[in-house]
Amino acid sequence: MIAVIEEFVHWMDLERGLSKETILNYRNDLLQCASILCKGGINSWKKVSTQDLVHWTQTLGESELASRSIARKHSAIKTFYKFLRREKIVENDLTEFLSRPKLGKRLPKSLTIEELEAILACPRLTTAIGLRDRALLELTYSSGLRVSEICNLGFTSIDLEEAFVRVTGKGSKERICPVGEPAVEAIRNYLAIGRPEFVKPHTGSFIFLSRRGSPISRKTVWHLVKQYAKQAGIKVEVTPHSLRHSFATHLLQGGADLRVIQELLGHADISTTQVYTDVDLSRKIEEYSSYHPRGKDGDTL
(Lines give C-alpha, C1' and ligand atoms only; values in the text may rest on other atoms or scores of the structure.)
Protein backbone atom coordinates (compact mmCIF):
# COMPACT_ATOMS: atom_id res chain seq x y z
CA MET A 1 0.00 0.00 0.00
CA ILE A 2 2.88 2.31 0.79
CA ALA A 3 4.48 1.66 -2.60
CA VAL A 4 1.30 2.84 -4.34
CA ILE A 5 1.29 5.98 -2.19
CA GLU A 6 4.87 6.72 -3.26
CA GLU A 7 3.86 6.29 -6.92
CA PHE A 8 1.03 8.76 -6.30
CA VAL A 9 3.44 11.25 -4.71
CA HIS A 10 5.74 10.97 -7.73
CA TRP A 11 2.77 11.52 -10.06
CA MET A 12 1.66 14.62 -8.14
CA ASP A 13 5.16 16.05 -8.21
CA LEU A 14 5.53 15.58 -11.97
CA GLU A 15 2.03 16.23 -13.30
CA ARG A 16 -0.11 18.17 -10.85
CA GLY A 17 2.21 21.10 -10.12
CA LEU A 18 1.27 21.17 -6.44
CA SER A 19 3.52 22.79 -3.85
CA LYS A 20 6.03 20.56 -2.06
CA GLU A 21 4.27 21.28 1.23
CA THR A 22 0.91 20.09 -0.13
CA ILE A 23 2.49 16.96 -1.58
CA LEU A 24 4.20 16.18 1.73
CA ASN A 25 0.95 16.73 3.65
CA TYR A 26 -0.98 14.47 1.26
CA ARG A 27 1.68 11.78 1.61
CA ASN A 28 1.50 11.89 5.41
CA ASP A 29 -2.32 11.87 5.33
CA LEU A 30 -2.39 8.79 3.11
CA LEU A 31 0.25 6.98 5.16
CA GLN A 32 -1.89 7.60 8.23
CA CYS A 33 -4.93 6.23 6.40
CA ALA A 34 -2.97 3.16 5.24
CA SER A 35 -1.75 2.53 8.79
CA ILE A 36 -5.30 2.49 10.14
CA LEU A 37 -6.47 0.24 7.31
CA CYS A 38 -3.59 -2.19 7.91
CA LYS A 39 -4.48 -2.42 11.58
CA GLY A 40 -7.91 -3.55 10.39
CA GLY A 41 -6.34 -6.38 8.39
CA ILE A 42 -6.34 -4.68 4.96
CA ASN A 43 -3.10 -5.01 2.97
CA SER A 44 -4.15 -3.76 -0.48
CA TRP A 45 -6.01 -0.77 -1.86
CA LYS A 46 -8.05 -3.23 -3.93
CA LYS A 47 -9.50 -4.67 -0.73
CA VAL A 48 -10.61 -1.33 0.74
CA SER A 49 -14.37 -0.78 0.99
CA THR A 50 -16.41 2.40 1.27
CA GLN A 51 -17.19 1.45 4.86
CA ASP A 52 -13.45 1.25 5.62
CA LEU A 53 -12.99 4.83 4.41
CA VAL A 54 -16.08 5.98 6.31
CA HIS A 55 -14.57 4.44 9.45
CA TRP A 56 -11.35 6.38 8.83
CA THR A 57 -13.19 9.67 8.39
CA GLN A 58 -15.18 8.98 11.56
CA THR A 59 -11.89 8.48 13.37
CA LEU A 60 -10.76 11.88 12.12
CA GLY A 61 -13.99 13.48 13.28
CA GLU A 62 -13.47 12.11 16.79
CA SER A 63 -9.91 13.45 16.95
CA GLU A 64 -8.79 16.90 18.07
CA LEU A 65 -7.68 17.86 14.58
CA ALA A 66 -8.73 21.24 13.23
CA SER A 67 -11.52 21.11 10.66
CA ARG A 68 -9.15 22.39 7.97
CA SER A 69 -6.71 19.55 8.62
CA ILE A 70 -9.56 17.06 8.32
CA ALA A 71 -10.73 18.74 5.11
CA ARG A 72 -7.21 18.43 3.68
CA LYS A 73 -7.15 14.71 4.49
CA HIS A 74 -10.46 14.35 2.62
CA SER A 75 -8.89 16.11 -0.37
CA ALA A 76 -5.88 13.82 -0.17
CA ILE A 77 -7.92 10.61 -0.27
CA LYS A 78 -10.19 11.91 -3.04
CA THR A 79 -7.23 12.92 -5.21
CA PHE A 80 -5.57 9.59 -4.44
CA TYR A 81 -8.60 7.65 -5.65
CA LYS A 82 -8.62 9.57 -8.93
CA PHE A 83 -5.04 8.36 -9.35
CA LEU A 84 -5.98 4.77 -8.42
CA ARG A 85 -8.72 4.73 -11.05
CA ARG A 86 -6.45 6.35 -13.63
CA GLU A 87 -3.87 3.61 -13.04
CA LYS A 88 -6.63 0.96 -13.05
CA ILE A 89 -5.64 -0.14 -9.55
CA VAL A 90 -9.30 0.11 -8.49
CA GLU A 91 -12.48 0.20 -10.53
CA ASN A 92 -14.68 2.52 -8.47
CA ASP A 93 -14.19 5.80 -6.67
CA LEU A 94 -15.00 4.86 -3.08
CA THR A 95 -14.69 8.49 -1.94
CA GLU A 96 -17.72 9.65 -3.90
CA PHE A 97 -20.02 9.53 -0.89
CA LEU A 98 -17.60 10.72 1.78
CA SER A 99 -18.88 13.91 3.40
CA ARG A 100 -16.37 16.73 3.59
CA PRO A 101 -16.45 18.73 6.86
CA LYS A 102 -17.90 22.21 6.61
CA LEU A 103 -15.40 24.96 7.21
CA GLY A 104 -16.24 28.20 8.89
CA LYS A 105 -14.65 31.39 7.64
CA ARG A 106 -11.28 31.88 9.24
CA LEU A 107 -10.54 35.56 9.68
CA PRO A 108 -6.86 36.31 9.14
CA LYS A 109 -4.91 37.90 11.95
CA SER A 110 -3.61 41.33 11.08
CA LEU A 111 -1.65 43.96 12.95
CA THR A 112 -2.14 47.69 13.16
CA ILE A 113 0.24 49.95 11.29
CA GLU A 114 1.68 51.07 14.65
CA GLU A 115 2.32 47.46 15.70
CA LEU A 116 4.04 46.70 12.41
CA GLU A 117 6.24 49.77 12.68
CA ALA A 118 7.22 48.67 16.19
CA ILE A 119 8.23 45.23 14.90
CA LEU A 120 10.15 46.66 11.93
CA ALA A 121 12.10 48.95 14.26
CA CYS A 122 13.36 46.06 16.42
CA PRO A 123 16.26 44.56 14.39
CA ARG A 124 19.63 46.11 15.28
CA LEU A 125 21.07 47.59 12.11
CA THR A 126 24.61 47.44 13.51
CA THR A 127 24.72 43.66 13.01
CA ALA A 128 24.52 41.43 9.94
CA ILE A 129 21.61 39.53 11.44
CA GLY A 130 19.77 42.76 12.19
CA LEU A 131 20.26 44.00 8.62
CA ARG A 132 19.03 40.65 7.26
CA ASP A 133 16.00 40.56 9.53
CA ARG A 134 14.99 44.16 8.79
CA ALA A 135 15.19 43.48 5.03
CA LEU A 136 13.23 40.24 5.42
CA LEU A 137 10.48 41.81 7.54
CA GLU A 138 10.20 44.88 5.31
CA LEU A 139 9.91 42.76 2.15
CA THR A 140 7.36 40.36 3.67
CA TYR A 141 5.06 43.21 4.68
CA SER A 142 5.80 45.40 1.65
CA SER A 143 4.99 42.68 -0.91
CA GLY A 144 2.75 40.27 1.02
CA LEU A 145 5.00 37.29 0.39
CA ARG A 146 4.53 33.82 1.87
CA VAL A 147 7.29 32.59 4.16
CA SER A 148 8.25 29.87 1.63
CA GLU A 149 8.55 32.54 -1.08
CA ILE A 150 10.88 34.60 1.12
CA CYS A 151 13.08 31.58 1.86
CA ASN A 152 13.35 30.61 -1.82
CA LEU A 153 14.00 34.10 -3.15
CA GLY A 154 17.05 34.38 -5.40
CA PHE A 155 18.95 37.25 -7.00
CA THR A 156 17.33 36.69 -10.38
CA SER A 157 13.89 37.16 -8.81
CA ILE A 158 14.29 40.71 -7.57
CA ASP A 159 14.87 44.00 -9.37
CA LEU A 160 15.72 46.80 -6.95
CA GLU A 161 16.04 49.40 -9.69
CA GLU A 162 12.47 48.86 -10.87
CA ALA A 163 11.32 47.90 -7.36
CA PHE A 164 9.58 44.60 -7.99
CA VAL A 165 9.98 40.95 -7.06
CA ARG A 166 9.02 37.89 -9.11
CA VAL A 167 7.98 34.88 -7.04
CA THR A 168 6.66 31.39 -7.74
CA GLY A 169 3.78 30.61 -5.41
CA LYS A 170 1.38 27.73 -4.88
CA GLY A 171 0.72 25.57 -7.90
CA SER A 172 3.97 26.82 -9.47
CA LYS A 173 2.21 30.06 -10.44
CA GLU A 174 4.43 33.05 -11.00
CA ARG A 175 3.45 36.58 -10.04
CA ILE A 176 5.11 39.98 -9.84
CA CYS A 177 4.80 42.13 -6.71
CA PRO A 178 5.94 45.72 -6.21
CA VAL A 179 8.46 46.47 -3.47
CA GLY A 180 8.12 49.65 -1.39
CA GLU A 181 10.95 52.16 -0.93
CA PRO A 182 11.69 51.24 2.73
CA ALA A 183 12.01 47.58 1.73
CA VAL A 184 14.27 48.44 -1.24
CA GLU A 185 16.55 50.47 1.02
CA ALA A 186 16.63 47.72 3.67
CA ILE A 187 17.49 45.07 1.08
CA ARG A 188 20.25 47.24 -0.43
CA ASN A 189 21.83 47.72 3.00
CA TYR A 190 21.61 44.00 3.77
CA LEU A 191 23.13 42.96 0.44
CA ALA A 192 25.96 45.47 0.73
CA ILE A 193 26.88 45.01 4.40
CA GLY A 194 25.03 42.12 6.00
CA ARG A 195 24.84 39.25 3.50
CA PRO A 196 28.63 39.07 2.81
CA GLU A 197 29.10 37.98 6.43
CA PHE A 198 26.86 34.94 5.87
CA VAL A 199 28.44 33.82 2.59
CA LYS A 200 30.31 30.49 2.66
CA PRO A 201 32.04 28.51 -0.16
CA HIS A 202 28.85 26.48 -0.75
CA THR A 203 26.49 29.47 -0.68
CA GLY A 204 24.28 29.80 -3.75
CA SER A 205 22.25 32.70 -5.11
CA PHE A 206 19.58 32.80 -2.40
CA ILE A 207 19.12 36.26 -0.93
CA PHE A 208 18.31 35.51 2.69
CA LEU A 209 20.93 33.30 4.32
CA SER A 210 21.40 31.55 7.63
CA ARG A 211 24.54 31.71 9.75
CA ARG A 212 25.75 28.58 7.93
CA GLY A 213 25.48 30.27 4.54
CA SER A 214 22.52 28.16 3.44
CA PRO A 215 19.06 29.55 2.55
CA ILE A 216 17.20 30.73 5.63
CA SER A 217 14.64 28.18 6.81
CA ARG A 218 10.94 28.68 7.42
CA LYS A 219 11.47 27.70 11.04
CA THR A 220 14.06 30.47 11.48
CA VAL A 221 11.75 33.05 9.91
CA TRP A 222 8.89 32.02 12.20
CA HIS A 223 11.21 32.25 15.21
CA LEU A 224 12.57 35.70 14.38
CA VAL A 225 9.10 37.14 13.69
CA LYS A 226 7.87 35.89 17.08
CA GLN A 227 11.03 37.19 18.74
CA TYR A 228 10.64 40.71 17.36
CA ALA A 229 6.90 40.80 18.07
CA LYS A 230 7.61 39.94 21.70
CA GLN A 231 10.38 42.54 21.80
CA ALA A 232 7.92 45.13 20.41
CA GLY A 233 5.54 44.39 23.28
CA ILE A 234 2.80 42.84 21.16
CA LYS A 235 0.72 40.44 23.24
CA VAL A 236 -1.14 38.54 20.50
CA GLU A 237 0.51 35.72 18.58
CA VAL A 238 2.39 37.00 15.53
CA THR A 239 3.62 34.83 12.66
CA PRO A 240 4.99 35.51 9.16
CA HIS A 241 1.39 35.01 7.98
CA SER A 242 0.40 37.96 10.17
CA LEU A 243 2.59 40.25 8.08
CA ARG A 244 1.08 38.91 4.85
CA HIS A 245 -2.45 39.30 6.20
CA SER A 246 -1.66 42.81 7.40
CA PHE A 247 -0.36 43.68 3.93
CA ALA A 248 -3.72 42.67 2.40
CA THR A 249 -5.88 44.22 5.12
CA HIS A 250 -4.08 47.56 5.00
CA LEU A 251 -4.34 47.67 1.21
CA LEU A 252 -8.09 47.07 1.44
CA GLN A 253 -8.50 49.68 4.15
CA GLY A 254 -6.60 52.11 1.94
CA GLY A 255 -9.07 51.57 -0.91
CA ALA A 256 -7.25 49.01 -3.09
CA ASP A 257 -9.38 46.90 -5.45
CA LEU A 258 -9.98 43.34 -4.27
CA ARG A 259 -8.93 41.92 -7.64
CA VAL A 260 -5.57 43.69 -7.38
CA ILE A 261 -5.08 42.31 -3.86
CA GLN A 262 -5.94 38.84 -5.20
CA GLU A 263 -3.19 39.11 -7.83
CA LEU A 264 -0.64 40.45 -5.36
CA LEU A 265 -1.34 37.61 -2.90
CA GLY A 266 -1.32 34.99 -5.64
CA HIS A 267 -4.77 33.63 -4.81
CA ALA A 268 -6.20 31.44 -7.57
CA ASP A 269 -9.79 32.11 -6.45
CA ILE A 270 -11.24 35.51 -5.52
CA SER A 271 -13.25 33.83 -2.75
CA THR A 272 -9.98 33.24 -0.88
CA THR A 273 -9.28 36.97 -0.96
CA GLN A 274 -12.88 37.81 -0.11
CA VAL A 275 -12.24 37.01 3.55
CA TYR A 276 -10.41 40.33 3.87
CA THR A 277 -13.65 42.19 3.22
CA ASP A 278 -15.04 40.43 6.28
CA VAL A 279 -12.02 41.55 8.31
CA ASP A 280 -12.51 45.12 7.15
CA LEU A 281 -16.24 44.99 7.93
CA SER A 282 -15.64 43.56 11.40
CA ARG A 283 -13.29 46.42 12.20
CA LYS A 284 -15.77 48.96 10.94
CA ILE A 285 -18.45 47.45 13.17
CA GLU A 286 -16.05 47.47 16.12
CA GLU A 287 -15.18 51.11 15.59
CA TYR A 288 -18.84 51.99 15.15
CA SER A 289 -19.64 50.30 18.47
CA SER A 290 -16.79 52.11 20.17
CA TYR A 291 -17.27 55.63 18.87
CA HIS A 292 -20.86 56.12 17.76
CA PRO A 293 -22.99 57.64 20.56
CA ARG A 294 -25.74 55.08 19.86
CA GLY A 295 -23.37 52.27 18.97
CA LYS A 296 -23.68 50.35 22.21
CA ASP A 297 -26.76 49.07 23.99
CA GLY A 298 -27.84 51.51 26.64
CA ASP A 299 -25.80 54.45 25.33
CA THR A 300 -27.63 57.69 24.78
CA LEU A 301 -26.88 60.94 23.04
* Given the rule in the side-chain contact (heavy atoms from CB on, under 4.5 Å) test, do N43 and L37 qualify, once you have shown the distances and angles that lead to the verdict? -> CA-CA 8 Å; N43 58 9; L37 293 172; over 6 Å; no
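- Checked against side chain to side chain donor-acceptor pair (under 3.5 Å), K226 has the following partners two or more places apart in sequence or in another chain: E237.
- Looking at every heavy atom in both residues, F247 comes nearest to S142 through CE1-O, 3.3 Å.
- The distance from atom CG of L30 to atom OG of S35, rounded to the nearest 0.5 Å, is 12.5 Å.
- Between the CG atom of D133 and the CD atom of E138 there is a distance of 12.0 Å, given to the nearest 0.5 Å.
- If you take CG on L111 and OG1 on T249, they are separated by 9.5 Å, rounding to the nearest 0.5 Å.
- A distance-only check finds no donor-acceptor pair linking the side chain of R244 to the backbone of V147 [under 3.5 Å].
- For the atom pair L265 CG and H245 NE2, the distance stands at 9.0 Å (nearest 0.5 Å).
- For K200, the side-chain contact (heavy atoms from CB on, under 4.5 Å) partners two or more places apart in sequence, or in a different chain, are H202, T203.
- Under a 3.5 Å cut-off, the side chain of T168 and the backbone N or O of K173 do not form any donor-acceptor pair.
- When all heavy atoms of Q231 and C122 are compared, the pair lying nearest together is NE2-O, 3.7 Å.
- Taking a 6.0 Å sphere around CD of E7, one finds it holds more than 12 heavy atoms contributed by other residues, nucleotides or ligands.
- Taking both residues in full, the closest heavy atoms of Y81 and D93 are given as CB-OD1, 3.5 Å, listed atom of the first, atom of the second, then distance.
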* Quick one: do V9 and Y26 satisfy side-chain contact (heavy atoms from CB on, under 4.5 Å)? Show the steps, please. => CA-CA 8 Å; V9 169; Y26 276 19; over 6 Å; no
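- Looking at residues two or more places apart in sequence or on another chain, you find a side chain to side chain donor-acceptor pair (under 3.5 Å) between D29 and R72, K73.
- Cluster annotation: I42 is connected to I5 through the hydrophobic network of ILVMFWY side chains, with a link wherever side-chain heavy atoms come within less than 4.5 Å.
- Within the model, atoms NZ of K20 and CG of N152 stand 9.5 Å from one another, a figure rounded to the nearest 0.5 Å.
- Using a 4.5 Å cut-off on side-chain heavy atoms (C-beta onward), R175 and E149 make contact.
- Looking at Y228 and L120, their side chains never come closer than 4.5 Å, going by heavy atoms from C-beta outward.
- Cluster annotation: L24 and I2 are assigned to distinct hydrophobic clusters (Ile/Leu/Val/Met/Phe/Trp/Tyr, side-chain heavy-atom contacts under 4.5 Å, transitive).
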* Asked: Should R218 and E21 be marked as a salt bridge (Lys or Arg N to Asp or Glu O under 4.0 Å) after you check the CA-CA gap, both sets of side-chain angles, and the distance that decides it?
  -> CA-CA 12 Å; R218 296 175 58 190; E21 183 179 7; 3.6 Å; yes
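- Each of L264, L258, V260 was scored for a side chain to side chain contact (heavy atoms under 4.5 Å, CB included) with L251, with one residue passing: L264.
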* **Check against side-chain hydrogen bond (donor to acceptor under 3.5 Å, both in side chains), S217 and T220** => CA-CA 5 Å; S217 69; T220 299; 2.9 Å; yes
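- Judged by distance alone, with hydrogens and angles left aside, the side-chain atoms of E87 form no donor-acceptor pair with the main-chain N or O of L84 at under 3.5 Å.
- The cluster map of Ile, Leu, Val, Met, Phe, Trp and Tyr, joined by side-chain heavy atoms under 4.5 Å apart, puts L116 and W222 in the same cluster.
- The backbone N or O of I36 lies less than 3.5 Å from no partner atom in the side chain of H55, so there is not a single donor-acceptor pair.
- Side-chain contact between L209 and I216: absent, with no pair of heavy atoms (C-beta onward) separated by less than 4.5 Å.
- Of all the heavy atoms in P178 and S143, the pair that sits closest is O-OG, 2.8 Å.
- Taking the side chain as every heavy atom from C-beta outward, F198 and S210 never approach each other to under 4.5 Å.
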* To do: Dump the intermediate steps for side-chain contact (heavy atoms from CB on, under 4.5 Å) on I207 and I150, then the final yes or no.
  => CA-CA 9 Å; I207 290 180; I150 283 286; over 6 Å; no
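- Side-chain atoms of T140 come within 3.5 Å of backbone N or O of L136 as a donor-acceptor pair.
- Side-chain contact between R85 and E91 is absent, with no heavy-atom pair separated by less than 4.5 Å.
- Looking at heavy atoms from C-beta onward, V4 lies out of side-chain contact with M1 at the 4.5 angstrom threshold.
- A donor-acceptor pair under 3.5 Å is formed between the side chain of S75 and the backbone N or O of A71.
- F80 meets the ring-ring contact (aromatic ring centres under 6.0 Å, His included) test with F8, W45; sequence neighbours excluded.
- The minimum heavy-atom distance linking S49 with L94 is given by the pair C-CD1, 3.8 Å.
- For the pair R27 and E6, the salt-bridge criterion is met [side-chain N within less than 4.0 Å of a carboxylate O].
- Of the candidates V184, L125, L131, L131 is the only one forming a side chain to side chain contact (heavy atoms under 4.5 Å, CB included) with N189.
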* **Candidate pair Y190 and F208, rule ring pair (Phe, Tyr, Trp, His ring centres under 6.0 Å), full reasoning** => CA-CA 9 Å; Y190 161 63; F208 295 106; 5.6 Å; yes
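- Hydrophobic clustering keeps I176 apart from I158 (ILVMFWY residues linked when any side-chain heavy atoms are closer than 4.5 Å, directly or through intermediates).
- For E174, the side chain to side chain donor-acceptor pair (under 3.5 Å) criterion is met by R166, not counting sequence neighbours.
- Inspection of the N25 and T22 side chains reveals no N or O donor paired with an N or O acceptor under 3.5 Å.
- Side-chain atoms of L145 and C177, non-hydrogen and from C-beta on, do get closer than 4.5 Å to each other.
- For the pair P123 and L137, the tightest heavy-atom approach, listed with the atom from each and the gap, is CG-CD1, 3.9 Å.
- Although no hydrogens or angles enter the test, the distance criterion places a donor-acceptor pair under 3.5 Å between the side chain of T127 and the main chain of R124.
- The cluster map of Ile, Leu, Val, Met, Phe, Trp and Tyr, joined by side-chain heavy atoms under 4.5 Å apart, puts V199 and I193 in the same cluster.
- A salt bridge is defined here as a Lys NZ or Arg NE, NH1 or NH2 lying under 4.0 Å from an Asp or Glu carboxylate O, and E197 with R132 fails to meet this definition.
- A salt bridge links E161 to R188: at least one charged side-chain nitrogen sits closer than 4.0 Å to a carboxylate oxygen.
- Side chain of D52 to backbone of V48: no donor-acceptor contact under 3.5 angstrom is found.
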* **Working for side-chain contact (heavy atoms from CB on, under 4.5 Å), residues C151 and V221** => CA-CA 8 Å; C151 295; V221 176; 3.9 Å; yes
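- Rounding to the nearest 0.5 angstrom, the gap separating the CD atom in E114 from the CD1 atom in I234 is 10.5 Å.
- Cluster note: I113 groups with no other residue, as no ILVMFWY side-chain heavy atom lies under 4.5 Å from it.
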